[in-house]
Undergrad: 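Quick one: structure below, then a few questions.
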Protein chains: 2
Amino acid sequence: MAPTTPVRVSTLGYAILGLLAREPLSGYDLAALLKMPVGYYWTAQHGQIHPELQRLLADGLVTYQATRGPGPHPKKVYTITPSGSRILRSWVTEPPRPRPVRDELVLKAASLWFADTAAALRLFRAEAERHAEQLATYEATRTSMEARYGASLQRPGRPEFAEYVTLRCGISYETHRLGWCRWVIELLEQADAWPEPPGRR
Amino acid sequence: MAPTTPVRVSTLGYAILGLLAREPLSGYDLAALLKMPVGYYWTAQHGQIHPELQRLLADGLVTYQATRGPGPHPKKVYTITPSGSRILRSWVTEPPRPRPVRDELVLKAASLWFADTAAALRLFRAEAERHAEQLATYEATRTSMEARYGASLQRPGRPEFAEYVTLRCGISYETHRLGWCRWVIELLEQADAWPEPPGRR
DNA sequence: CAACTCATGTAATGAGTTACATGATTGT
DNA sequence: ACAATCATGTAACTCATTACATGAGTTG
């Protein structure tokens with residue numbers, strides 16, 4: 001084959017190809033799967049997904065089968081092409097480009113010295129609760145996945161293996177976040193109990 | 001005071017105000033502080049910082065003192081105004097809006113079943129090494145901070161307290177990431193040793 | 001004298017969010 | 001009758017990255 005124009009696929013494009021590698025899906029299905037807080041640690045709305053599907057189609061990485069849709073547009077069920085599979089497979093194991101860190105809670109934490117301690121406590125207690133809830137949800141999913149799939153969760157060729165691996169990352173992340181929030185709460189509570197001695201500076 | 005037009009500040013704006021609350025800085029200084037991988041868990045380049053400073057200036061949240069600069073433009077050292085301090089203080093303890101999750105490594109992990117196991121092992125070993133290095137750097141910073149500041153790291157009114165809290169978040173994050181990568185490596189190594197039995201599916 | 005640091009500014013591009021637009025079917 | 005779900009498409013906007021532009025002083 002002649003070396004064609006190198007096809008540039010965005011990260012969202014790979015997120016879509018990764019889902020289509022498992023099963024054919026419509027844009028609507030993809031939007032549902034990529035909605036927070038499910039989604040394979042990537043999120044997108046339909047306003048971004050439909051144009052991206054058109055780009056993938058133009059590059060020959062996906063095809064679709066159209067049927068009459070409920071609205072004015074036909075419903076399109078997308079399938080990954082061999083070319084799409086190839087480009088996805090090589091992308092998966094390439095090193096990810098380092099993403100810039102952008103974490104609003106930690107940014108707020110960096111200015112915590114500037115804030116009222118009681119208000120800071122409220123903030124971190126609320127955050128800790130959020131993380132505890134998310135952790136509980138993930139743990140429940142883990143229990144049901146382990147019961148359902150058993151040993152096949154250890155087989156790297158299985159889709160459920162990949163899903164389990166990302167779930168365990170989520171559990172690990174929430175555990176870390178919850179631990180940090182609770183540690184900050186402890187520090188703030190201690191300082192509240194023994195307030196800043198006015199004599200020393 | 002009459003209720004003026006509500007001033008809308010972007011997250012980057014708060015990142016800048018948070019740094020200016022500690023000491024006056026030029027746009028160049030801010031760019032250096034907000035560069036990866038330092039920066040208070042927020043990153044930005046000068047191409048974004050300079051226009052943002054102009055907006056903060058127009059809203060009266062910062063002022064500057066100009067001196068002759070090395071290039072064609074005057075050097076400007078920015079200072080936070082009382083109005084800027086007020087808006088920063090109230091922002092710090094407001095709950096952060098939930099940020100969409102976008103993690104390229106975990107996205108790759110979600111398609112790991114589709115990839116070559118040996119290549120996947122290379123990917124995760126490289127990632128584990130990156131995190132181990134970052135963790136070592138953070139731990140060294142922690143040691144020097146604890147030696148330098150001692151008990152004042154427990155006083156919430158101190159800038160070094162806030163810095164320490166974000167550092168501990170970084171340490172906790174890298175520990176979580178490293179643990180997860182190593183766990184994935186173990187799974188992949190086991191599967192490599194006892195390959196998929198061809199009889200079962 | 002070349003490369004690096006200091007120091008700001010703008011423009012083009014890309015990525016992501018939100019809102020507008022249309023319209024059938026199904027459940028309350 | 002009204003809301004929710006299914007289903008796609010486009011436009012306006014914000015946010016972020018990268019590149020272009022200028023130019024002095026310092027270090028090797």
Side-chain angles (χ1 to χ4, degrees), chain A residues 7-16 24-37 39 41-59 62 64-78 96-104 107, chain B residues 7-16 24-37 39 41-59 62 64-78 96-104 107:
Chain A
V7 178
R8 293 275 307 137
V9 180
S10 68
T11 309
L12 173 63
Y14 287 115
I16 291 172
L25 294 163
S26 68
Y28 185 86
D29 296 332
L30 285 164
L33 288 170
L34 288 169
K35 200 192 297 181
M36 282 267 286
Y41 296 86
W42 205 265
T43 50
Q45 284 78 39
H46 86 274
Q48 216 188 339
I49 290 165
H50 287 294
E52 184 62 37
L53 280 168
Q54 286 163 28
R55 248 167 287 157
L56 294 174
L57 184 70
D59 291 336
V62 300
Y64 67 86
Q65 281 273 303
T67 55
R68 268 214 58 237
H73 308 287
K75 174 180 171 168
K76 298 171 182 175
V77 175
Y78 290 87
R97 338 165 261 184
R99 278 233 140 206
V101 190
R102 242 169 235 123
D103 188 320
E104 206 170 307
L107 181 64
Chain B
V7 178
R8 292 274 308 138
V9 181
S10 69
T11 309
L12 172 62
Y14 287 116
I16 291 172
L25 294 163
S26 68
Y28 185 86
D29 297 332
L30 285 164
L33 288 170
L34 288 169
K35 199 192 297 181
M36 282 267 285
Y41 296 86
W42 205 266
T43 50
Q45 284 79 39
H46 84 275
Q48 216 189 338
I49 290 166
H50 287 292
E52 185 63 38
L53 280 168
Q54 287 163 28
R55 247 165 291 156
L56 294 173
L57 183 70
D59 291 337
V62 299
Y64 69 84
Q65 280 274 300
T67 56
R68 267 213 61 235
H73 307 287
K75 175 179 169 169
K76 298 171 182 175
V77 176
Y78 289 88
R97 338 164 259 185
R99 278 233 140 205
V101 189
R102 242 171 234 122
D103 188 320
E104 206 170 308
L107 181 64

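Note that these values count all heavy atoms, side chains included, but never hydrogens, waters or copies made by symmetry. Sequence lines set the chain letters: A, B, ... in the order given, protein chains first and strands last, and positions in each chain run from 1.
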Undergrad: Could a donor-acceptor pair under 3.5 angstrom be found where the side chain of B:His46 meets the base of C:dG9?
TA: yes
Undergrad: On a heavy-atom basis, which atom in A:Tyr14 and which in A:Val9 lie closest, and how many Å separate them?
TA: CE1-O, 3.5 Å
Undergrad: Using whole Å, report how far CD of A:Gln45 lies from P of D:dA11.
TA: 19 Å
Undergrad: Within this structure, what is the CD-to-P distance between B:Gln48 and C:dA7, rounded to whole angstrom?
TA: 21 Å
Undergrad: Decide yes or no for A:Leu53 and A:Leu30: does some side-chain heavy atom of the first lie under 4.5 Å from some side-chain heavy atom of the second?
TA: yes
Undergrad: Write down the distance between NE2 (A:His50) and C1' (D:dC6), rounded to a whole number of angstrom.
TA: 11 Å
Undergrad: Could you tell me the separation between the CZ atom of A:Arg68 and the P atom of D:dT8, rounded to a whole number of Å?
TA: 14 Å
Undergrad: I need the OH-P distance between A:Tyr64 and D:dA7, as an integer number of Å.
TA: 16 Å
Undergrad: Could you state the CD-P distance from B:Glu52 to C:dT8, rounded to the nearest angstrom?
TA: 15 Å
Undergrad: What is the distance, rounded to the nearest whole Å, between atom OH of B:Tyr28 and atom C1' of D:dG23?
TA: 14 Å
Undergrad: Report which part of the nucleic acid B:Ser26 touches: base, sugar-phosphate, or nothing (heavy-atom distance under 4.0 Å, all strands).
TA: sugar-phosphate
Undergrad: So, is A:Gln54 near the phosphate of D:dT10, with a side-chain N or O under 4.0 Å from OP1 or OP2?
TA: yes
Undergrad: Does A:Lys76 have a side-chain nitrogen or oxygen under 4.0 Å from the phosphate oxygens OP1 or OP2 of D:dG9?
TA: yes
Undergrad: Nearest nucleotide by nearest heavy atom, which residue falls closer to the 5' end of DNA chain D, B:His73 or B:Arg99?
TA: B:Arg99
Undergrad: Grab the CD-P distance between B:Gln65 and C:dT8 for me, whole Å please.
TA: 14 Å
Undergrad: Do B:Leu12 and B:Leu34 come close enough that some side-chain heavy atom pair is under 4.5 Å?
TA: yes
Undergrad: Describe the nucleic acid contact of B:Arg102 in one word from base, sugar-phosphate, nothing, applying a heavy-atom distance below 4.0 Å.
TA: sugar-phosphate
Undergrad: What does B:Gly27 touch in the nucleic acid at a heavy-atom separation under 4.0 angstrom: a base, only the sugar-phosphate, or nothing?
TA: sugar-phosphate
Undergrad: Between A:Lys75 and A:Val77, is there a side-chain heavy-atom distance shorter than 4.5 Å?
TA: yes
